[in-house]
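For reference, the structure is listed below as structure tokens.
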Amino acid sequence: MESYQHAVFFEANNSLDIAQIQKYFQIKRKSGGGECEILKVGANTYKICFRDKEAQKRVLAQKDHVIHLQGQDELCISLRYDDIAESDKQTKSSDQQMCASAKHMEKVFNLDPYLLRYLSECKNATSDLNQRLSKLSSSFHICIDSEKLVVVKEQEDKDSCPPKKWHFAVEEVLTDIQNHYILHFEVETDRLEILEENSLLFNENLIKYHEKTLAVVVGKRENVEKITKFIDALQAKQQDQRECHISEKQFALVKEQFEQSRKSSFSNIEISQEKPGTVILKGREKEVDAGEKELLNLVKGIKEKRIPLHHSISTFLESSGGIQLFQNRFQQSLRSPVMLENAGSDLLLLSLTDGALTEAAAAVQRDMCFESLCLEKTEKQSPGFITLKDHLNDAVQQANLGSVKVDVAYQERSNPINPSIDVDIVGYTHEVCRLKDILLEYKTNNEDIHQSLPLPMPEMAEQFSDILSFFGLKSSTVKVNPTCSPVPRVHLTGPRCEVEGLKKNLETFLKRLVSKRYEVNGPGVQQFFQGDGRETLQLAKKSYGVQILPVQRTQQSVQVPTDASTSTSLHSLPVVPLPHCGPEPMEVDYLDVHIQVVIGRLEEQQADVFVAPMIKTNLTSTMVGSCLLKKGGQRFQTNFNNAKGQRTLTPGDVLEVDGTLTLGCSEVFFIECVPKSAEALHSGLARVLTLCEQQSRGSVALPIIGPGLALSIPVKDAVDILTREITTFLSGFTGSLHTIYITIMPNDTHSEEMFQTVCVELSAKMVDNTGQALFNSLTTDLDEIVTAESGTQVHLVFGDITNETTDVILNTTDFTTTDFQTGVCKDILTKAGPHIQSQLTGAQVQSGEIFKTQPGGFPCKQIMHVCGQRSASVIETLAKEIVVHCERDHYQSVAIPAICAGKGCMDPKEVAKSVLQGVKDGIQGANLRYLKTVRIVLLKINVFLAFKEMAQHILGINTQLSVPAPLVPTRVTTRVRSSTTGERHATTTRASRSLSLPIRNNINSLLSLPVALAKAEFLVIGHTIDDVSNACTALKRAYENQCSSQSISSEDINCLSADEMNQLNSTVESLHLHMQESSSGVYEVMGQKDGVNEVAGLIQGALRRQLRQMDQENLYGQVTWCILGQRGLWQKLSKDMNYKLEKRDVKDGIMDAQGVKWTVDLRNMVAKASGTRKKTKLKRLENHSDFSLPIYWDNMNPHELVKVVNLDQSSTEYHNVKVDFRKTVKQTVLKIERIQNVHLRRSYEGRIKEQENRNGPDGAEEKILYHGTTEEASKAIMNTNFNRRYAGQNGTVYGVGTYFAVSASYSANPLYSIPKSDGTQLMFVARVLTGRYAQGQGTMKAPPENFDSVVDNTQDPTMFVVFHDCQAYPDYLITFK
């Protein structure tokens, strides 16, 4: 306990867990403490003793400590210097309770004991408190023992001030007193001495209380602060600093002795080594003087010894860390430590004893060595010297495992007649001697010789490198030169031992070899073995332990029949076993993979690979491809054309194109896509990621492919495809790929939706079902940005402010009722409730003012409402005032939107500058105590990016920018990975092209092509006849397995267009296919599968074109695309234009029935005539399975059966209905509504067919008639049609049916169109199937036989009566007055 002298005290009950409390105070980062012990010194009193005085000071600076005890509630401990036992403390509520009796009220306060003593001893302080309390008719008395101050109010004044109000007023007085009179604690010895030496500074108003190790100064705040500043100044003057010029080695030797002296004689000084060769002592002047004297005396006792060494040894010791190794060794083996350091060419040894120096010097001279040998007639690039150098390097590496023990240097002498090399070896004696032995052995075995060996066949000379690999032999030190003329022979040149060893091994292997010449016949056979068949050759070599050499036709070799199995035994000696030829096991090293969602264009990124979509192998078929071309330039177009060549890709294939210097990538992978096809996108993305793995790519950048006009894949589907392929790929081996960038264009229509969806999908898939992470991190350009500004955090958040839960929410509004019903303002007020909106209605708010309301139902504490007035200065002022108001109202957090960047339509950068500058001005220099968090919440991507950019300048946030990566040119091929060896091989993919119209073709052009039969000849070499025969069989089987045939009828060939026929001829010729006619008249295509499949694809493409025509026919009944004609009437487009619009294939425009060409904007459903400024509208009608919408109707949802459309008064449709109405009626038309009732219209059109079947093609006789009605009846008619059950309400002169007038004026009669209270009337414009009509009579309930309706006058009818409900359709409803 002697070392634990710095104590503090606290009180707690008997059930205290001492171990957990001690652990808390030992952890500096939690409590501020350090090494300590805890003792119980009273019934409920405990003492904490710290070893370090600074630890005591730190824990007392935080008087109250809250400790989390395991399995128990939190424990709050209050620390103090003295050991006076405190009374059991009551809770705060009981300490400050208000007691009422018959005579008086009183309130009790627990104050610091030193403050209580001061209030009782200082007359001015006592008077001050009495004056304050007297205003409340109250007095006080102090209980020093219990550390309480009691405030009393007499009963007679109780009624003058209510208890609660008195209670609050007294608390306020005591709070002011504690702020006015403060306490200052001093525990440092130096500072305590200063206080003692300057006792005259204290008086009756500034009192010092002194304990054993503590002094407490109490008084007015300004007086106490002056005392502390005075102490600081005096203490700074008494400090001294001294530099002692002592090397690190010297100080290390005497450090232990010096520390012992320091602790006993001058413990308060501080020691530091801020620069080499200097030790700094800090402290009081007397102690610094004593410390300096002691340190220099100790240094004088250090002994020195110099050892002369070769400069190479000195350099080696310095660079290899040998000096430190010797010091560590001497530290363990010698009684006194020894330090070493280089002193020029000598080694200087330092120690405190002569004996240690002598032993250390002997050890260094014994263990270190330098040797230099000269290798005469040796060149630096000679094979023998390279081998020697490799051996020496291996020996050096082996010797230097763990630590550097030896080093070798080579120096070439420039003598052309007698070249030589000096080899210098330096290091530890044992290792130097071992390397010297290697050099001496080399000198005895370094003579170069030349020998040759005959070969049995010329093919072996041509492919001798493969023969060496087959034998498993290496010739790294022997120069091997095979020749064919005049006879096959291999020449060997090099060191004697190497040449003789290699020749002996070659002779041994050649003696037992078996060879066979073998031919494989068939169309395209040579191309097969030069392409995909290479893998077969490698597999046969490994499987049967043979070597397969191609035989060129121009060679003069022995001809062997195709199926002959003649084997030649070259020699009769025993067979030497072949080395193992199987693949070596592959070590899989999984890398950390990071995914980053980037807001920006693909061409602006930096990655090894870019990924882009294309349609029909067209570079500019998508916006991504066009942007890449714009930045990559003509060079990139050339690279694309070279990669494309004559290939035809199928959906899902990948085209690899080299990047250019202007693009930030090495390669661009183009995926062949099909509009609305998820399957092609799935396949393409999987191939892209596999290629990245196979080519050891480190990073790939790709957009979210699919959304947009080109592919028309929904955002959710496109994101799902992308994330599924990424996670599937990441679940296995990923090669070198470590970063995946997903790019999103900031101004895209779906950018916000794509960003949210891809982040949610990736976050959900970051960890699999087994708890393993598929990738290591997911970061985005829209991640929340946090910066500290004068202690307050400012957040930039991409999100919706209505989701925030801060103390304060800011609502932007122009304080109009209209604004309350739109945008974010509506969302906020809807959550808050109608009573909050009612407070805003009619509110008079001046420019730059803030209108505050309660939150209502919104989850916050207050809502601030402001109007930015589309003014940057107003917005900046508001942002600053928001901060000021939050601080003044004691709010800790606030959420602010981009004021006026939405409905206000201001430039986001201007808004960002104003908001950020205002927030910064509100925070800087304000010394905020309450407001800790300002969240700027931004709903749109472009707004967030503007704020992010502006924050760099205003708040100092750094954003890392992308830079282009260096290019790595590669070949343009499609690569796949072998499932067994992991090797990559080139493959070719083909697909059919787009076709033109078919014509009659002449098949003889195909049959006249040259016969594509060919042969591939090989020399197969092995150790046994069976191995060679099996390899030959495997070659033939592999070729046959890659071949196929396809039967094509003459009818199918005749479906081909001229272009397709030319392509078919080219394909058969270029892919070395064979085509012949069978006896049944069917044509047979034979050759490799890819080629045969491509021919079949051409035929199928022609059939698909025919199917497309059928699709157009079927689509025309399902969907109708219309264009608004020149006279304002809707016109149907032709079937092919209808198909193009539905498939969104409008990049080339459309043509209407009049032959006018239009460019199309499907987003806005408008078309523009080519060469003019004329625009018109487009419309898409989606028909029901049994009903097609009329062309003039608006589109209806599948489940929408009734729709009432208010016509535009400027439309031709409105004009035509009105003109017909006004021909006979003078009232004013107020409104015309179109009735779209699917059920009624379907029945009506069914009736048309029925009457036409009965009466002939024109037998329906549709007429436009009028029918007056009322508001109540009109609703029923629009839903259920005209009903005969209501016949007779206005008379049945011509029969019991539904009456329609030819003239609108008749139906406008108030008798039929009964006016409403406001004077408006209603009339239907109806389509009526009058058909054949007869004279009506009052008793009729149906028309006469063979008639469809009756009239008032068959010669000139003005009234029609029908008796079938579906014989009329209410087309329009006119409101007039």
Do Leu619 and Met614 come within less than 4.5 Å of each other through their side chains, counting heavy atoms only? no
All ring pair (Phe, Tyr, Trp, His ring centres under 6.0 Å) counterparts of Phe947, not counting sequence neighbours: none
Quiz question: by atom type and distance under 3.5 Å, do the side chains of Thr660 and Thr662 form a donor-acceptor pair? yes
Give the intermediate values and the outcome of salt bridge (charged side-chain N to carboxylate O under 4.0 Å, His left out) for residues Arg935 and Glu784. CA-CA 10 Å; Arg935 292 175 61 83; Glu784 184 172 331; 3.1 Å; yes
For side-chain contact (heavy atoms from CB on, under 4.5 Å), just list the numbers for Ile595 and Ile742, CA-CA rounded to whole Å, side-chain angles, deciding distance to a tenth of an Å, and then say yes or no. CA-CA 7 Å; Ile595 299 179; Ile742 300 175; 4.0 Å; yes
Kindly indicate whether the side chain of Thr853, heavy atoms from C-beta on, has any atom under 4.5 Å from the side chain of Gln862. no
Could you give the side-chain donor-acceptor pairs of residues 673-686 under 3.5 Å, partners two or more places apart or in another chain?
from	atom 1	to	atom 2	distance (Å)
Ser677	OG	Ala680	N	3.4
His682	ND1	Glu725	OE2	2.8

Between CZ on residue Phe798 and CD1 on residue Ile599, distance to nearest 0.5 Å: 7.5 Å
For Lys1168, is there an ion pair with Asp1161 - N to carboxylate O distance below 4.0 angstrom? no
I'd like to know if the side chain of Gln605 and the backbone of Arg601 have a donor-acceptor N/O pair within less than 3.5 Å. yes
pair Leu945-Pro746: side-chain heavy atoms closer than 4.5 Å: yes
Heavy-atom side-chain proximity of Leu711 to Ile615 below 4.5 angstrom: yes
Distance-only donor-acceptor pairs under 3.5 Å for side chains of residues 871-879, two or more places apart:
from	atom 1	to	atom 2	distance (Å)
Ser871	OG	Ser873	OG	3.0
Ser871	OG	Val874	N	3.4
Thr877	OG1	Ser873	O	3.0

Using a strict cut-off of less than 4.0 Å between a Lys/Arg side-chain nitrogen and an Asp/Glu carboxylate oxygen, indicate whether Lys880 and Asp921 qualify as a salt bridge. no
Charged N to carboxylate O below 4.0 Å: is that the case for Glu887 and Arg929? no
Answer yes or no: is there a side-chain heavy-atom contact under 4.5 Å between Val883 and Ile923? yes
Report yes if the side chains of Lys631 and Leu663 come closer than 4.5 Å at any heavy-atom pair, otherwise no. yes
Using the ring pair (Phe, Tyr, Trp, His ring centres under 6.0 Å) criterion, which residues pair with His890? Sequence neighbours excluded. Tyr930
Would you give the length of the straight line joining atom CG of Leu602 to atom CD1 of Ile744, rounded to the nearest 0.5 angstrom? 12.5 Å
Assess whether a salt bridge exists between Glu1142 and Arg1144, defined as any Lys/Arg side-chain N lying under 4.0 Å from an Asp/Glu carboxylate O. no
Would you mind checking if Asp889 and Lys861 are paired as a salt bridge, meaning a charged N to carboxylate O distance below 4.0 Å? no
Going by atom types only, do Lys913 and His953 share a side-chain donor-acceptor pair under 3.5 Å? no
Give the ring-plane orientation class for Phe636 versus Phe670, where under 30° counts as parallel, over 60° as perpendicular and anything between as tilted. tilted
Would you say the side chain of Leu829 lies within less than 4.5 Å of the side chain of Leu840, judging by non-hydrogen atoms? yes
Restricting to side-chain hydrogen bond (donor to acceptor under 3.5 Å, both in side chains), what partner residues turn up for Asp907, sequence neighbours left out? none
How would you list, by chain and number, every residue that makes a salt bridge (charged side-chain N to carboxylate O under 4.0 Å, His left out) with Glu752, sequence neighbours excluded? none
Would you mind checking if Glu672 and Lys616 are paired as a salt bridge, meaning a charged N to carboxylate O distance below 4.0 Å? no
Would you check if Thr933 and His795 make a side-chain contact, meaning some heavy-atom pair closer than 4.5 Å? yes
Spell out, as yes or no, whether a donor-acceptor pair under 3.5 Å connects the side chain of Asp608 to the backbone of Arg697. no
